[in-house]
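See below for the structure under consideration.
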Amino acid sequence: MNTKEKDLKYIMHTYGRYDAALKSGKGATAYDEDGKKYIDVSSGIGVNSLGYCDEGWVKAVAEQAGTIQHMSNYFYCSQASDLAEKLCTLTGMAKVCFGNSGAEANECAIKIARKYSFDKYGEGRNEIITLKNSFHGRTVTTLSATGQDVFHNYFFPFTEGFEYAEANNLEALKNTVSDKTCAVMFEVIQGEGGVNILDREYVTALAGFCAEHDILVIVDEVQTGVGRTGKLFAYENYGISPDLVTVAKGLGGGLPIGVCMCADKLKDVMSPSTHGTTFGANPVVCAGANYVIDKVANAEFLNGVNSKGEYIENKVLQLPRVKKVRRMGLMIGIEIEGDAHKIAAKCVENGLLIITAKDLLRMLPPLTITTQEIDEAVSILKSTLEECK
């Protein structure tokens, strides 16, 4: 049996896969098992932030794997403490908690918010407001936090304690707040929800309102973090200082990681046994993340992300059937005429790895994508759009 046949026989069908079995890659260019070339503008849904097999990243990970690959969290780990120091220094946050995914990071933030409120106000002040059309993960709790009815099915009973408010509508948020509210959790760009970019005025007003009422602000940066929007973290584009920030995907550069960062007033909320995970702060993963942060967290690199995003937007807007581009940095949604899912599948067939978000085409290319790779990607997208008329 080939890879596809084994997959269909032995792996649960939880993903609708495109018809490609990838084998190798370099930068934004990948190859399948038959040697067919692809330009990848999805980067594993924003995970391969430095593209495939960045030489420095590979070296950092390989050297750590040959030194010590795992240790219990009962012991200190230099790679983890180095990464924590960098994240706190770069963001002004006070402490971090390590996990393995965005959903885990969001679970941690939810627990911190509820415990902070319990410690200060007692029982009953535990509800968290999220925004309609949001996405926060696929565990039972983070599905409940997700503000989309389509995800609230099958897995009953869902975790209680979440309310939903319309995005970009401060009055709707205020009307949803009650004496039970302990936090508001949101993405400044709703990625899975359709690359919806929140208004700056709304976000700053939301943060101000929450500060007045000691309601914690949790920003989910799982998809938007680590340079994706042209800032190290997307909330920096809005001029706010969140109480909790979650990050995952691009931080590991291709290995599983999730981090919850907290502001100073929350740094002592959690204590031993209130949270934990076996593989969190794994030294090999942290070695890769340290390399990613060292490469991404500088003005020249981040300015390059913005320049590349602008270049892609200008090129894409000239293509047939493109109605609009929603973009911040290299987080890009393309409104098109036609079925985005069918067009994305045809793009893959034609050598372009692209994904969708709702009824949009979505690009999350490696932050290191070259102009040549961008031009190849746009050329394939152009021919595909013309073909799919």
Quick test of your reading: applying salt bridge (Lys or Arg N to Asp or Glu O under 4.0 Å), list the pairs with at least one residue in residues 57-70, sequence neighbours left out, ordered by first then second residue.
K59-E63
Above 12 or not: heavy atoms from other molecules or residues under 6.0 Å from CG of L319?
yes
Determine, for E192 against R362, whether the closest basic-nitrogen to carboxylate-oxygen distance falls under 4.0 angstrom.
yes
Side chains of residues 264-273: which donor-acceptor partners sit under 3.5 Å, not counting sequence neighbours?
residue, atom, partner, partner atom, Å
D264, OD1, K267, NZ, 3.3
K265, NZ, D214, OD1, 3.1

Nearest heavy atoms of I312 and P365, plus distance in Å:
CD1-CG, 4.2 Å
Cation-pi check, R114 to F162: give yes when NZ or CZ is under 6.0 Å from the six-membered ring centre and within 45° of the ring axis, no otherwise.
yes
Is a salt bridge present between D119 and K115, judged by a nitrogen-to-oxygen distance below 4.0 Å?
yes
Under 3.5 Å, side-chain donor or acceptor atoms of residues 171-180 against the rest of the protein: list the pairs with distances, not counting sequence neighbours.
residue, atom, partner, partner atom, Å
N175, ND2, E171, O, 3.1
T176, OG1, A172, O, 2.7
S178, OG, K180, N, 3.1

C286 and L83 have their tightest heavy-atom pair at SG-CD2, 4.1 Å
Heavy atoms only: give me the nearest A145-S134 pair and the separation to one decimal.
O-OG, 3.9 Å
Thinking salt bridges, do E337 and K323 make one under a 4.0 Å N-O criterion?
no
Worked verdict on F158 versus F156 for ring-ring contact (aromatic ring centres under 6.0 Å, His included):
CA-CA 5 Å; F158 287 94; F156 304 103; 5.4 Å; yes
Test: K382 and E386 ion pair at under 4.0 Å
yes
Do the side-chain N and O atoms of T159 and T141 include a donor-acceptor pair separated by under 3.5 angstrom?
yes
Shortest non-hydrogen pair, C347 vs L381, comes out as SG-CD1, 3.9 Å
Whether K26 and E55 form a salt bridge (side-chain N of Lys/Arg under 4.0 Å from carboxylate O of Asp/Glu) is what I want to check.
yes
If every non-hydrogen atom of S49 is compared with every non-hydrogen atom of G250, which pair is closest and at what distance?
OG-O, 2.8 Å
L244 and A109: which non-hydrogen atoms are nearest, and at how many Å?
CD1-O, 3.6 Å
May I ask you to test the S117-E123 pair for a side-chain heavy-atom distance under 4.5 Å?
no
